[in-house]
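Each chain gets a letter, A, B and so on, in the order its sequence line appears, and its residues count up from 1.
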There are 2 protein chains.
Amino acid sequence: MSLVRSSTIYDVAEHAQVSIATVSRVLNSPEHVNVRTRAKVQAAIKELNFVPRAEASARARKSACRIGVLAPFFTYPSFVQRLRGVAEALSDSQYELLIYNIDTSARRDLYLSHLPITRRLDGLVVMALPFATRYIDQLQAYGLATVTIEVPDSSLSSVIIDDEIGGQMAAGYFIELGHRRCGFIGDSEVPDYAIHTSDRRLAGYRRALADAGIDLPAQYLGLAPHGLDAARQLALRMFAQPHPPTAIFSPSDTQAIGVLRAARELGLQVPQDVAIIGFDDIEVADFIGLTTIRQPLNESGRVAVDLLLARLRDRERPPQIVQLPLTLVRRETA
Amino acid sequence: MSLVRSSTIYDVAEHAQVSIATVSRVLNSPEHVNVRTRAKVQAAIKELNFVPRAEASARARKSACRIGVLAPFFTYPSFVQRLRGVAEALSDSQYELLIYNIDTSARRDLYLSHLPITRRLDGLVVMALPFATRYIDQLQAYGLATVTIEVPDSSLSSVIIDDEIGGQMAAGYFIELGHRRCGFIGDSEVPDYAIHTSDRRLAGYRRALADAGIDLPAQYLGLAPHGLDAARQLALRMFAQPHPPTAIFSPSDTQAIGVLRAARELGLQVPQDVAIIGFDDIEVADFIGLTTIRQPLNESGRVAVDLLLARLRDRERPPQIVQLPLTLVRRETA
DNA sequence: ATTATCTGTGAAAGCACTTCCATGAAAGTA
DNA sequence: TACTTTCATGGAAGTGCTTTCACAGATAAT
């Protein structure tokens, strides 16, 4: 089968006996074209099966019609969920969706330094990646509209949650259930390209416990590299103590599931022997009945896109910080 | 902060006292440029912080430097896993990754009919979406290199698995474990934009059972719309029978998890009272210890990209069908 | 010394649109 | 009738790069 040369605006113009300017107008502002001319042009478009190259349009009107998303998608499952919100919010717009996956800080910096200059994007969503001020300056200097998720900055729009309050909610619920021996299993170190939410969630948790006169002793505090199995190992050791905690909060569902597995392996009844609360409410949490602090992941993506599109429509719009609510989702583990 | 006009190849050329052609050559084929000229140009590039607009390069060399992926990402979790393979395979190439999420057949057809014509892509990966022959013809007519996953077609390269064998493997394992009352809980109807793997997996399952002299009676066969909860409901009813099955195979992990929940709700011991096998081995399966027929999701994405890039390097390359192996992953549910 | 070959470079075409500006025709107003 | 305004349309610039072609100068072969 031979290759077909797709028709251009020139072909349509010739076929309809008008100039390319008129064809362009029929496409972009049909009300400015005489009804009869318009009909003629539309017939030609249909006959030649003409679809304007988005590339060329974008170039001529100096917009790329593209939104990029920068995130460590495959390191933490929650980012895929946010991406879903982004995709939904974008699905009825003209914008295409580009994925820039981050797996090292070098790659993050490469993208951040090149994307604004190469002008391939109209807007950028950066998820949970802390980055140097000079990149923020550069983004602004080159006029690349940017919204961050989880990383507030006064000169950029952001979608955030209050991690400390999340920790407080977990503590509050444990206290309400009558627990006095409350533990925490979280992150010791975070990849250098990601942010440290675990610490903030721990801080809120610890403070709310303290306010209720409950201490969080060192033997109830387990920190390990992020991941299900590391959390499981920590939990196994923590449960082996003479007076193990009766409740454990983890700053991610992944880790909470690790704790849950440890409990099951030791024959502990959940939530009778030990209550477990996670954080995020990723899809799996519902599958396995995990009680968790839900953050609206889907919605964070959607809101980020809304902020971005609003900014794109009005470049003068001031940056805006949107804080999304957390909710305790009670399922079977606490 | 005022907007910065990023420097172009013209600025560099002027700064280095050469023509833009020479700057372009320094960028693309430095060995064809005199050493001293090259040094001069490279100094200018550095000084002006010049980064070529990928857009313009792509246009001039008539390639978009972009790979698109078409899939119902958020309908089935397995597609995100495949996407991961795609992203990994692409991460060291020059290509950018575009996501086209499908949620209706109308959208699928819109993308399929426009993408080849608008020339925004060099290559396309289509995941598990059946589509009309005329779209295949069009893809080829307009020269958009395409690889499909799960949808073999003699004129396109594809990555596939053998669904029937997957069903046979599940049956074989149940037989080996001594089960005689084997059930199946799968899909009654599939979104009109997706393919019907459930039926093929059932066919293989049924045949392997038959070969062992085991019947699959109607009361052991449950079909419902795809989803965890629909599967759970079916399972609840199936377990309520006088002689319920002692083993259930589901053609997706999501459904198997629904079955598992039903079993737990009824106080059935898994795998003692009932054994459960899923299909796919999505991430959750490991979390909850689900025994499943694993298909290499990650790898399917990677192989698809490899096929695509090979095709892009050599347009004459004949289509190729790669079949990926299935493996039984024994965990705790069977 | 003369011709052939090679090397390095610049000029210019091509890409496929949008949009500003100019122009002519038609309609409206004094 | 003469002038102004509105409408419809075409011409042409602008976009930032790659690549082909041609040419000048240097080197090698005869």
Given atom CZ of B:R36 and atom C1' of C:dT9, what is their separation to the nearest angstrom? 15 Å
Identify which one of A:L308, A:L144, A:L312 satisfies the side-chain contact (heavy atoms from CB on, under 4.5 Å) criterion when paired with A:D122. A:L312
With a non-hydrogen cut-off below 4.0 angstrom, is B:V18 in contact with a base, only sugar-phosphate, or nothing? sugar-phosphate
Between B:H32 (NE2) and C:dT9 (C1'), how many Å, whole number? 13 Å
Below 4.0 angstrom, N of the basic side chain to O of the carboxylate: do B:E55 and A:R66 qualify? yes
Below 3.5 Å, does any donor atom in the side chain of B:R59 face an acceptor in the base of D:dG16, or the other way round? yes
Need one value for A:S24: base, sugar-phosphate or nothing, where a base atom within 4.0 Å counts as base even if backbone is also close, heavy atoms only. base
Just call it for A:V33: base, sugar-phosphate, or nothing, with non-hydrogen atoms closer than 4.0 Å on any strand. sugar-phosphate
Once you round it to whole Å, what is the distance between C1' of C:dC20 and CG of A:N28? 15 Å
Could you say whether A:F50 or B:R25 is positioned toward the 5' end of DNA chain C, judged by the nucleotide with the nearest heavy atom to each? B:R25
How would you label the contact of B:I20 with the nucleic acid (heavy atoms, under 4.0 Å): base, sugar-phosphate, or nothing? base
Take atom CZ of B:R120 and atom P of C:dA16, then tell me their distance rounded to the nearest Å. 14 Å
Give a yes or no on whether a salt bridge exists between B:R82 and B:E150, defined as a side-chain N under 4.0 angstrom from a carboxylate O. yes
Base, sugar-phosphate, or nothing: which does B:R53 touch, judged by heavy atoms less than 4.0 Å apart? sugar-phosphate
Round to the nearest Å and state the distance from A:E14 atom CD to D:dG11 atom P. 13 Å
Provide, to the nearest angstrom, the distance between the CG atom belonging to A:N34 and the C1' atom belonging to C:dA25. 12 Å
Nearest-angstrom distance from the residue atom CZ of A:R38 to P of D:dA8: 9 Å
Using atom CG of A:L48 as one end and atom P of C:dA16 as the other, report the distance to the nearest whole Å. 15 Å
